[in-house]
Amino acid sequence: MNFNIRKLTSTHFSVFHPFGVCNSSNVARTSCFSYFSTLSSDFCLESPQFVGDRIPGEQQKCVNLGSDVDVNIVLARISHGTSEDEVLQSLLSDPACDSIQISDNFVNRVLYRFKDDWKSALGAFRWAQSRPNYKPPPELYDKLVDILGKMKKMEKMRLLLDEMHEDHLISLNTIAKVMRRFAGAREWKEAVRIFDELGKFGLEKNTESMNLLLDTLCKENRVQQAREIFYELKLHIPPNANTFNIFVHGWCKVNRVEEAYWTIQEMKGSGCCPCVISYSTIIKSYCQQFNFQKVYELLNEMQGEGCVPNVVTFTTIMCFLTKSGAFEESLKIAETMKSVGCKPDTLFYNALIHTLGMAHRLQEATRVLKVEMPRNGVQPNTSTYNTIIAMFCHHLQEERAEEFLRDLESSPFCKPDVQTYFPLLKLSFKVGKADGFLKKMLNDIVNKHHLSLDLSSYALLIHGLCRANKCEWAYLIFEDMVRQEITPRYKTCSVLLQEIKQKNMYEAANKIELFMKKMKAA
DNA sequence: ATAGGGTTAG
């Protein structure tokens with residue numbers, strides 16, 4: 001098939017655009033080493049042991065220590081902010097790097113560590129490529145493409161794509177990443193151009209690749225553009241149910257439920273059958289509007305068409321009923337679901353536990369986790385524990401909260417995350433246990449679980465410690481926060497500054513004031 | 001990446 005979406009790609013589009021803001025979210029921290037040296041003298045227990053970043057989907061796997069050591073050698077040779085070429089040169093010139101046995105897993109880990117640092121990622125990748133007898137597999141190229149796209153390095157991404165093309169390494173997976181990154185950079189027309197170029201890469205313009213393009217655009221709220229493209233493409237490519245579901249979701253995403261509903265009619269007209277996903281998507285939209293009247297109407301309509309709601313449908317409805325305060329009605333949905341023989345899963349139980357907590361039925365919530373879930377063979381996840389821990393904290397039952405924290409910490413299936421601790425930290429201030437208990441918890445967070453605190457936990461700590469008249473400690477936390485490159489809120493700074501001044505800690509006060517000046521200037 | 005957590009706002 002050879003046709004182009006001429007209307008949309010006939011002009012040349014600038015790669016530059018005004019929204020090219022660098023993604024500088026505070027998600028990734030290279031390490032939390034600095035934490036150990038600063039919190040307080042009796043807080044440093046042991047030297048930090050590196051366990052490597054957690055890689056999503058690989059958390060259960062045993063960590064290969066040898067590989068971590070090698071990754072650290074590479075990390076140590078790379079200083080932040082240098083160019084990709086400097087990174088390459090420093091790795092090439094280092095004898096310690098020569099002895100590293102390169103494997104796909106190794107490169108994968110390096111790329112994961114540098115997922116927010118394209119210069120280091122690209123430099124390290126070039127170095128790996130330069131090693132004798134090593135060729136990165138296409139999937140690792142894809143990861144690098146994704147990193148470049150995420151950091152909005154569109155030209156670099158294009159060049160890498162050309163390089164991959166020469167070696168015949170481009171798959172639909174590569175294209176998917178490139179299109180999503182272009183669209184994410186508000187360069188949706190470039191995404192369309194990539195689709196037009198599919199033939200050049202030896203790939204086909206078919207239903208699958210068309211759906212990819214349409215979904216990319218819809219996820220970026222360009223549903224109208226997606227429609228226009230679809231009207232042209234459907235003359236050549238047959239749509240399937242996915243195609244229409246993508247539009248259902250796209251319309252819902254921009255809050256145009258009427259159009260989403262209309263899409264379902266269009267779907268029927270095209271010989272595609274609306275499925276539980278089509279309806280569940282629209283149901284969620286009505287839920288968000290708290291229009292439960294419409295939700296029930298749609299459930300009836302589904303029934304009329306023999307389309308059976310599933311656990312996702314029910315869980316969605318429950319979540320929003322609970323959010324609206326209709327706890328009993330939400331619990332009724334849970335009953336309905338069980339009575340129609342729909343099997344509960346983890347996310348359903350999470351919603352159920354949360355609802356029971358909101359309804360002050362703590363005993364029943366506990367029973368769900370302790371009895372019902374094991375009986376039905378449903379594993380809890382981190383959120384399950386987080387929900388129940390937050391629930392007990394909210395009801396000032398710290399012993400019970402800690403009991404579930406211990407369960408979570410010893411669970412072979414899931415590990416605590418930062419969110420786990422937030423309600424516990426908050427509670428420790430509320431009940432005036434802002435000392436030994438808090439210290440132990442912070443120690444566990446950092447030393448035992450190798451987690452980095454996030455902006456809200458840092459803020460909570462600083463505010464809480466100031467209020468508890470422990471502003472020396474609060475200042476140490478503040479310093480650590482800055483070292484972690486997490487920018488405190490202005491309010492946090494001013495609260496801390498006021499306390500510090502009252503304690504006549506002049507040097508600290510100067511540092512905070514300087515920091516605040518820089519904040520205002522930025 | 002065709003659908004489904006919650007939640008702190010200190």
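Naming: A, B, ... by sequence-line order, numbering from 1 per chain.
- Using a 4.0 Å heavy-atom distance criterion, A:K491 is classed as making no nucleic acid contact.
- Of the listed nucleotides (B:dT8, B:dG4, B:dG10), B:dG10 has the atom at the smallest distance from the side chain of A:H463.
- Within residues 303-320 of chain A, the residues approaching DNA chain B are A:N310, A:V311, A:V312, A:T315, A:T316, A:C319, by heavy-atom distance under 4.0 Å.
- Backbone-only engagement by A:D215 is indicated by non-hydrogen atom pairs under 4.0 Å involving sugar-phosphate atoms exclusively.
- The side chain of A:L347 lies closest to B:dG4, out of B:dG10, B:dG4, B:dT7.
- Residues A:R158 and A:E190 are paired through a salt bridge, judged by an N-O separation under 4.0 Å between the basic side chain and the carboxylate.
- Checking the phosphate oxygens (OP1, OP2) of B:dT2, no side-chain nitrogen or oxygen of A:K284 falls inside 4.0 Å.
- Between A:E297 and A:M302, every side-chain heavy-atom pair lies at or beyond the 4.5 Å cut-off.
- Within 4.0 Å of A:D345, counting heavy atoms only, lies at least one base atom of the nucleic acid.
- Taking A:F404 as the reference, A:F392 meet the ring-ring contact (aromatic ring centres under 6.0 Å, His included) condition, with sequence neighbours excluded.
- Checked against B:dT7, B:dA3, B:dG10, the side chain of A:V276 finds its nearest nucleotide in B:dA3.
- Rounded to whole Å, the distance from CG on A:N381 to C1' on B:dG4 is 12 Å.
- Counting only heavy atoms from C-beta on, A:Q419 has its side chain closest to B:dG6 among B:dA1, B:dG6, B:dA3.
- The nearest whole Å value for the distance from the CD1 atom in A:I389 to the P atom in B:dT7 is 14 Å.
- Note: CD1 (A:I264) to C1' (B:dT2) measures 13 Å, nearest angstrom.
- Ionic pairing of A:E266 and A:R227 is present here: one or more N-O contacts between side-chain nitrogen and carboxylate oxygen are shorter than 4.0 angstrom.
- Rounded to whole angstrom, the span from the NE2 atom of A:H354 across to the P atom of B:dG4 amounts to 18 Å.
- If you check B:dG4, B:dA3, B:dT7 against the side chain of A:M358, the one that comes closest is B:dT7.
- Going from atom CG of A:N350 over to atom P of B:dG4 covers 15 Å, rounded to whole Å.
- For the pair A:E372/A:Y349, a side-chain contact is recorded, criterion being any heavy-atom separation below 4.5 Å from C-beta on.
- Note: CD1 (A:I353) to P (B:dG4) measures 20 Å, nearest angstrom.
- Legend: residues meeting salt bridge (charged side-chain N to carboxylate O under 4.0 Å, His left out) with A:E139, ordered by chain and number and at least two apart, are absent.
- Atoms NE2 (A:H394) and P (B:dG10) sit 15 Å apart, rounded to a whole Å.
- A:M210 places its CE atom 16 Å from the C1' atom of B:dA1, with the value rounded to the nearest Å.
- In the model, A:T322 has no side-chain atom that pairs as donor or acceptor with a side-chain atom of A:H354 under 3.5 Å.
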